[in-house]
Amino acid sequence: MFTAFEDAWRRSPLRRRYEALAPRERKLVLAALAVVGLILAASAMDSLYGYRGSAIARHAAEQADLGWMRANRSAPALQGKTGGASASMSAMSTTARDFDLALRSINPEGEGYSVQIEGAPFEQVLLWSHALETRHGLEIVGATIDMRDPGIVNARFSVR
């Protein structure tokens, strides 16, 4: 591996120029190369330590998230067993207000509810449905969305 490097160095015009320097100038060139090498090594180490620090911070944040997820793993299951009906209706109504939606009706349907929304912005309806599932642990088991005007929809959801 180093033989190719040595052969290239022997044939290099840079080597001839280096050998033509006075001994004091050679020492100066070697010292300058050493300083440049140290600066490059320090820069590389600084980058690695910075990356390591950010990786440790990310890991700590993800561990905290995992701890929260484990602690709250059974919250959606408990919601359905104790006070689930009123909690589910409250969650749907509150979340609808958060997204500026007016729910036309919430009716009991089997083990869940039928929710109707009329004349609402499509994006808000999607955000509302996503919030129900991710924040409140409700499951949307069916959805019908009809376009009324561009960007405005009528929707019916079956929620458990």
(Q) With salt bridge (Lys or Arg N to Asp or Glu O under 4.0 Å) as the criterion, how do Glu6 and Arg10 come out once you've worked through the C-alpha distance, each side chain's angles and the decisive distance to 0.1 Å? (A) CA-CA 6 Å; Glu6 289 174 19; Arg10 283 189 195 112; 3.6 Å; yes
Check: [Y] main-chain N/O paired with [X] side-chain donor or acceptor under 3.5 Å:
X: Ser54; Y: Tyr51; value: yes
X: Thr94; Y: Ser90; value: yes
X: Ser47; Y: Ser43; value: yes
X: Asn154; Y: Gly119; value: yes
X: Ser12; Y: Leu14; value: yes
X: Arg16; Y: Arg11; value: yes

Does the pair [X]/[Y] count as a salt bridge with the N-to-O cut at 4.0 Å?
X: Glu109; Y: Arg156; result: yes
X: Arg104; Y: Glu118; result: yes
X: Glu19; Y: Arg15; result: yes

**Q.** Atom pair CD (Glu111) and OG (Ser158), whose distance is rounded to the nearest 0.5 Å
**A.**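 Spacing of CD (Glu111) from OG (Ser158) equals 12.0 Å.
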Note, [X] side chain near [Y] side chain (heavy atom, < 4.5 Å):
X: Leu21; Y: Val29; result: yes
X: Ile117; Y: Phe157; result: yes
X: Glu123; Y: Leu126; result: no
X: Leu30; Y: Leu28; result: no
X: Leu103; Y: Met89; result: no
X: Glu139; Y: Val159; result: no
X: Ser88; Y: Leu138; result: yes
X: Asp98; Y: Trp128; result: no

Q) side-chain contact (heavy atoms from CB on, under 4.5 Å) between Phe122 and Ile152: does it pass, once the steps are laid out? A) CA-CA 6 Å; Phe122 178 67; Ile152 305 296; over 6 Å; no
Q: Might you point out which heavy atoms bring Val125 and Ala155 nearest each other, and give the distance in Å?
A: CG1-CB, 4.2 Å
Q: List the atom of Glu133, the atom of Ile140, and the distance in Å for their closest heavy-atom pair.
A: OE2-N, 3.1 Å
Q: Could you please spell out the steps behind the side-chain contact (heavy atoms from CB on, under 4.5 Å) verdict for Val153 and Arg148?
A: CA-CA 5 Å; Val153 297; Arg148 185 166 129 183; 5.9 Å; no
Q.
Does Ser93 form a side-chain contact (heavy atoms from CB on, under 4.5 Å) with Ile106? I'd like the steps, not just the answer.
A. CA-CA 9 Å; Ser93 298; Ile106 302 176; 3.8 Å; yes
Q: Assess whether atom CD of Gln116 is packed by more than 12 heavy atoms of other residues, nucleotides or ligands within 6.0 Å.
A: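 Above 12, so yes.
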Q.
Counting only heavy atoms not in Phe99 (residues, nucleotides, ligands), do more than 12 fall under 6.0 Å from its CZ?
A.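 More than 12 heavy atoms, drawn from other residues, nucleotides or ligands, come within 6.0 Å of this atom.
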Q.
Quick check with a 6.0 Å cut-off and a 45 degree axis cone: is Arg26 positioned over the face of Tyr18's six-membered ring?
A.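 Cation-pi check for Arg26 and Tyr18: passes.
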